[in-house]
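A quick write-up on the structure given underneath.
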Number of protein chains: 2
Amino acid sequence: MTQAIPNAPRNTRQRAEVLALLREVEGFLTAQQLHQMLVAREARVGLTTVYRTLQLLVDAGEVDSTRLPGGEQLFRRCGQSRHHHHLVCRQCGRTVEIAGPAVERWADEMAARHGFTDVQHTLEIFGTCAACAR
Amino acid sequence: MTQAIPNAPRNTRQRAEVLALLREVEGFLTAQQLHQMLVAREARVGLTTVYRTLQLLVDAGEVDSTRLPGGEQLFRRCGQSRHHHHLVCRQCGRTVEIAGPAVERWADEMAARHGFTDVQHTLEIFGTCAACAR
DNA sequence: ATCTTGTTGGAAACGGTTTTCGTTGTAAAG
DNA sequence: CTTTACAACGAAAACCGTTTCCAACAAGAT
Ligand SMILES: [Zn+2]
Ligand SMILES: [Zn+2]
Ligand SMILES: [Zn+2]
Ligand SMILES: [Zn+2]
């Protein structure tokens with residue numbers, strides 16, 4: 001039995017295909033890139049369903065989503081569900097999951113100092129990975 | 001003499017209007033919100049020109065741009081042109097400019113450790129300000 | 001005043017994402 | 001196994017923020 005999406009009444013072939021692909025890729029990719037990969041492997045999943053499934057997975061906490069400075073939304077199935085950040089290659093999407101306890105403390109301290117509550121933050125590092133630099 | 005945009009061959013009434021508005025507003029706003037404000041004060045500036053002027057100002061480092069988690073692009077004329085980050089109130093948009101030298105070093109260190117070059121990062125803290133908490 | 005050319009702005013195009021709605025097929029009930 | 005209900009699919013259309021197009025305009029130079 002392929003892994004199912006939590007709280008999804010029905011397990012369809014399409015969702016299994018998206019999940020299978022997400023397990024194979026290592027970087028952050030756009031919905032369209034993932035869809036093209038599915039087309040390439042003849043998985044027969046519509047673009048609409050890719051978008052819907054990704055949103056479902058994000059809501060379930062199974063997939064992380066971030067955005068390039070340009071605004072394009074990226075998706076990735078990370079190895080951990082705990083709070084963490086990402087070092088992402090702009091060209092190929094290769095990603096390193098990073099933790100920064102000191103940064104977490106600094107952000108909360110800054111917010112508290114200015115009287116802000118109900119605090120959250122976004123932090124992503126973008127660059128060109130060694131492989132793409134060549 | 002109204003303030004001019006660096007590297008802009010011509011100083012037009014429209015650019016002066018956008019700059020004047022940016023000097024008056026406090027928080028991060030979208031291009032469309034700024035355009036509507038200009039319409040409201042009968043400044044007669046086209047939406048296209050608002051977008052173009054904002055991009056000019058961003059390129060010149062006169063205006064900061066960021067995005068809400070939802071993806072909408074926001075603009076703000078900050079008090080400093082040096083690299084910095086923001087503590088933003090989710091309800092009213094009130095913004096505190098914050099600097100974190102330790103975070104800057106940490107981000108660069110992380111990227112270098114994993115062989116990434118041409119590095120940049122995004123970091124924003126969102127919360128509810130003291131005034132809105134009441 | 002005239003000229004050059006950067007700038008403007010309405011319309012159209014654009015690109016990513018969401019919605020629509022008739023069809024398909026999963027899964028449970030009989 | 002067959003029926004039934006409705007979740008899910010997907011192609012097309014709508015949507016929405018942003019960019020491009022291009023003819024008219026106007027800032028600054030001479
Ligand atoms: Zn790369
Ligand atoms: Zn964090
Ligand atoms: Zn507030
Ligand atoms: Zn920084």
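Sequence lines set the chain letters: A, B, ... in the order given, protein chains first and strands last, and positions in each chain run from 1. Owing to the predicted nature of the structure, the values given are computational and were not obtained by experimental measurement.
What separates CD of E72(B) from P of dG15(C) is a distance of 21 Å, to the nearest Å. Atom P of nucleotide dT7(C) and atom CD of Q55(B) are separated by 14 Å, given to the nearest angstrom. In this structure, F75(A) places its CZ atom 13 Å from P of dG16(C), rounding to the nearest Å. Note: CG (L47(A)) to C1' (dT19(C)) measures 13 Å, nearest angstrom. Rounded to an integer number of Å, the gap from CD of E17(B) to C1' of dT7(C) is 15 Å. We find that CD1 of I5(B) is positioned 13 Å from C1' of dT8(C), with the value rounded to whole Å. Taking atom CD of Q36(B) as the reference point, atom P of dC16(D) lies 13 Å away to the nearest angstrom.
Taking for each of L74(B) and P9(B) the nucleotide of DNA chain D with the nearest heavy atom, the 5'-most of the two is the partner of L74(B).
With dT18(D), dT8(C), dA7(D) as the choices, the nucleotide that has an atom nearest any side-chain atom of R15(B) turns out to be dT8(C). Here the nucleotide nearest the side chain of R10(B), chosen from dT5(C), dG10(D), dA8(D), is dT5(C). For T12(B), whose side chain is taken as the heavy atoms from C-beta onward, the closest listed nucleotide among dA8(D), dG9(C), dA27(D) is dA27(D). If you check dG10(D), dT7(C), dG16(C) against the side chain of Q32(A), the one that comes closest is dG16(C).
Between dT18(D) and Q73(B), a contact under 4.0 Å exists linking OP1 or OP2 to a side-chain N or O. Here Q14(A) reaches the OP1 or OP2 of dG10(D): one of its side-chain N or O atoms lies under 4.0 Å away. Y51(B) has a side-chain polar atom (N or O) that falls below the 4.0 Å cut-off from OP1 or OP2 of dT18(D). Look at T48(A) and you won't find any side-chain N or O under 4.0 angstrom from OP1 or OP2 of dT17(C).
Residues E124(A) and H85(A) have side chains that never bring a donor and an acceptor to within less than 3.5 angstrom of each other. In summary, the side chains of H84(A) and D64(A) do present a donor paired with an acceptor at a separation below 3.5 Å, with no hydrogens or angles considered. A donor and an acceptor atom, one from each side chain of Q91(A) and T128(A), are located under 3.5 Å apart.
Contact annotation for R44(B): backbone-only contact, meaning every heavy-atom pair under 4.0 Å involves sugar-phosphate atoms and none involves a base.
Summarising the geometry, atom CZ belonging to R76(B) is positioned 13.0 Å from atom OG belonging to S65(B); distances are rounded to the nearest 0.5 Å.
The base of dG6(C) lies outside donor-acceptor range of the side chain of R52(B), with no N or O pair under 3.5 Å.
One hydrophobic cluster holds both L29(B) and L19(B) under the rule that ILVMFWY side chains link at heavy-atom gaps under 4.5 Å.
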